[in-house]
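Okay, structure first, notes after.
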Amino acid sequence: MRLSRFFLPLLKENPAEAQIVSHRLMLRTGMIRQEAAGIYAWLPLGLKVLKKIEKIVEEEMTRAGAIQLLMPTLQLADLWRESGRYEDYGQEMLRIKDRHEREMLYGPTNEEMITEIFRGTVRSYKDLPLNLFHIQWKFRDEQRPRFGVMRGREFLMKDAYSFDIDEASARKAYNRMFAAYLNTFSRMGLKAVPMRADTGPIGGDLSHEFIILAETGESAVFCHKDLVDMPAPGNDVDWDNLEGVFQERTALYAATEEMHDPEAFAKIPEDKQLSARGIEVGHIFYFGEKYSKPMRAVVNGPDGEITVHMGSYGVGVSRLLGAIIEASHDEAGIIWPESVAPFEVAIINLRQGDTACDAACEKAYKALTAAGRDVLYHDSDERAGAKFAAMDLIGVPWQLIIGPKGLADGQVEIKNRATGERLTVPFDEALAQLSKA
RNA sequence: CGGGGCGUAGCGCAGCCUGGUAGCGCGCCUGCUUCGGGAGCAGGAGGCCGGAGGUUCGAAUCCUCUCGCCCCGACCA
């Protein structure tokens, strides 16, 4: 992409309404634009990152055996009356009437609807286990939206729902999501710590939140330090037997504020006690028959009717952008992990209009693009300093810097955004190096 | 939902107390110079002062109502 053809409305100054760094940077880099409290338009740069995150989530869910579908944003109130949650949910639920005065709602989550889909289509225990997920916009009419996309009213969420014949099998489904989440967040360059969590209004007795440690996190969290750097289990795991992975990650103390047990925490060796703030990016629940029973989600088993055991598993997809930025930025701007960066390489032409510079940049742009890299060519006639600042701000992982002085000797520079390291190398070598994914 | 605050140019703000028809910085446009970390000079465009009523000869400024947004707290993917 040539910057001159892209839509990238950068802001030099910080908008007054943004208090935390991720919100400020998302506004300044032109990723989002607020349209109402907690409601954002996704501008091209933000959308590119959102899509990359979405794709990683899809891939890891698929790897863990979940099947993707897509449910609507609008739901009938009657469906929620079946579970009793239409009354329970309160003001957070956005209620709407259609032209026929039918009561509807903008979905804050989809347990009822997925249960309805399941009970209407699945008849036999032989079709289980089953895990269905979708990635859809949701709306919760928060009393006080804040922190940009971290706590918006409209947000993009991945939610998966598992169906099993009994608790033992459901716990295996739970463990699969548990492992998948560790892999998912790891791919985004995040260190996510699973913590025992309150099940809240969704109910159930087994639940973990996946927490990213960040100073600006919304809640206080407490855990054993060793959990933070524990590597993700990876793809080479036995998806039917993950109890070991689960035990390994849950043996050490880790809890959010609501579930915090100061006594248990005090038993951790003092140098391993970690008291910090965290951002919740995922939440998994096992809730058994909470919805399947009142909504009659049953299958035929060998010995008669079985009420299915369910779990649900959420990932805050749009929230993850904020979380990643909170975890990865410096004074100059965002430092995107390569897996989710909006562009992989930025070409900075230090002397736009100079024949040699223009030609070299064009050649590099074509070569890298042909090699499959997502390249942003800063081809405006701004001064060098402005270009550096802009590319640092939007956080492209690699910068290919081409200027008249170096070019006279056939040299260009490669800069790593994360480390700040610069390497002067021959033009062809730079292309070869940056062509590698 | 309790408490506080703010709406004036694309962004950041001053002006309001003590009414006289709007200003600064950044950005934007033109030109010249400059050209390796957000350039300099000169010229220029852009605002029914969130909206509606009212008071007044006259309202960004005073009064009433309304809408929107932000912050602290309680609540939450």
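Sequence lines set the chain letters: A, B, ... in the order given, protein chains first and strands last, and positions in each chain run from 1.
Per the geometry, CG belonging to A:D381 stands 14 Å off C1' belonging to B:U33, to the nearest Å. Between the CZ atom of A:R24 and the C1' atom of B:C71 there is a distance of 14 Å, given to the nearest Å. Residue A:Q352 contributes atom CD, which lies 16 Å from atom P of B:A39 at whole-angstrom precision. Atom CE of A:M157 is separated from atom C1' of B:C76 by 12 Å (rounded to the nearest Å). Following rounding to the nearest Å, A:D330 (CG) and B:G37 (C1') show an atom-to-atom distance of 14 Å. In this structure, the CZ atom of A:R144 is 11 Å from the C1' atom of B:C75, given to the nearest Å. For the pair A:E142 CD and B:A74 P, the interatomic distance rounds to 15 Å; values are reported in whole Å. Residue A:F147 contributes atom CZ, which lies 17 Å from atom P of B:C69 at whole-angstrom precision.
Cation-pi contact between A:R249 and A:Y181: absent, since separation from the ring centre below 6.0 Å together with deviation from the ring axis within 45° is not met. Judged by a 6.0 Å distance limit and a 45° cone about the ring axis, A:R95 is positioned over the six-membered ring of A:Y86.
Note on A:Q19: only backbone sugar-phosphate atoms sit closer than 4.0 angstrom, heavy atoms only; bases stay farther off. No contact: A:G282 has no heavy atom under 4.0 Å from any strand. Among the heavy atoms of the strands lying under 4.0 Å from A:K415 is at least one base atom, whether or not backbone atoms are also near. Heavy atoms of A:A384 sit under 4.0 angstrom from primed sugar atoms or phosphate atoms, though from no base atom. Across all strands, A:A18 comes closer than 4.0 Å to no nucleic acid atom at all (heavy-atom distances). At a threshold of 4.0 angstrom between heavy atoms, the contacts of A:G353 with the nucleic acid are absent.
Judged by Watson-Crick or G-U wobble contacts below 3.5 Å, the nucleotide B:C69 has B:G5 as its partner. As the counterpart of B:A39, B:U33 is assigned, both hydrogen-bonding distances of the Watson-Crick or G-U wobble pattern falling under 3.5 Å. B:C16 is unpaired under the Watson-Crick or G-U wobble criterion, no partner having all donor-acceptor distances under 3.5 Å. Nucleotide B:U64 forms a Watson-Crick or G-U wobble pair with B:A52, both donor-acceptor distances falling under 3.5 Å. When Watson-Crick and G-U wobble pairs are counted only if both distances are under 3.5 Å, B:C26 pairs with B:G10.
Here the NZ atom belonging to A:K52 is positioned 11.5 Å from the CZ atom belonging to A:R187, to the nearest 0.5 angstrom.
For the pair A:L128/A:S169, no side-chain contact is recorded, criterion being any heavy-atom separation below 4.5 Å from C-beta on.
Going from the P atom of B:U18 to that of B:A22 covers 23 Å, rounded to whole Å. Rounded to a whole angstrom, the distance from the C1' atom of B:C28 to that of B:G10 is 8 Å. Rounded to a whole angstrom, the distance from the C1' atom of B:U56 to that of B:G73 is 43 Å. Between B:C49 and B:A59, the two P atoms lie 11 Å apart (nearest whole Å). B:G50 and B:U8 have their P atoms separated by 6 Å, given to the nearest Å. With both ends at atom C1', the span from B:G47 to B:G7 equals 14 Å, rounded to whole Å. Using atom P as the reference point in both B:C69 and B:C63, the two lie 25 Å apart (nearest Å). Rounded to a whole angstrom, the distance from the P atom of B:G43 to that of B:C26 is 15 Å.
Between B:C76, B:G37, B:C71, one nucleotide has an atom nearer to the side chain of A:R151 than all others, and that is B:C76. Distance from the side chain of A:R28 is smallest for B:G38 among the nucleotides B:G38, B:C35, B:C71. In this structure, the nucleotide among B:A74, B:G38, B:G37 sitting nearest to the side chain of A:L393 is B:G38. Of the candidate nucleotides B:A74, B:C70, B:G37, B:G37 has the atom nearest to the side chain of A:F388. Closest to the side chain of A:K12, from the set B:G38, B:C75, B:C69, is B:G38.
For A:K405 and A:V315, each mapped to the nucleotide of RNA chain B holding its nearest heavy atom, the one lying further toward the 5' end belongs to A:K405. Comparing A:S219 and A:G403, the nucleotide of RNA chain B nearest to each residue sits closer to the 5' end for A:G403.
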Sugar-phosphate or base contact per nucleotide [nucleotides 3-11 of chain B; S, B, -; heavy atom under 4.0 Å]: --------B
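There is a side-chain donor-acceptor pair under 3.5 Å between A:H260 and A:Y253.
A:Q143 has no side-chain polar atom (N or O) that falls below the 4.0 Å cut-off from OP1 or OP2 of B:G73. Between A:R383 and B:G40 there is no side-chain polar atom (N or O) within less than 4.0 angstrom of OP1 or OP2. Dashed line: the shortest gap from a side-chain N or O of A:R140 to OP1 or OP2 of B:C76 is not under 4.0 Å.
The distance between the ring centers of A:F343 and A:F6 falls below 6.0 angstrom.
Side-chain atoms of A:E111 never come within 3.5 Å of backbone atoms of A:Y161 as a donor-acceptor pair (strictly under, hydrogens ignored). Between the A:N183 side chain and the A:G234 main chain, a donor and an acceptor come within less than 3.5 Å of each other.
When all heavy atoms of A:A64 and A:W239 are compared, the pair lying nearest together is CB-CZ3, 3.7 Å.
Ring geometry for A:F210 versus A:F185: interplanar angle of 30 to 60°, hence tilted.
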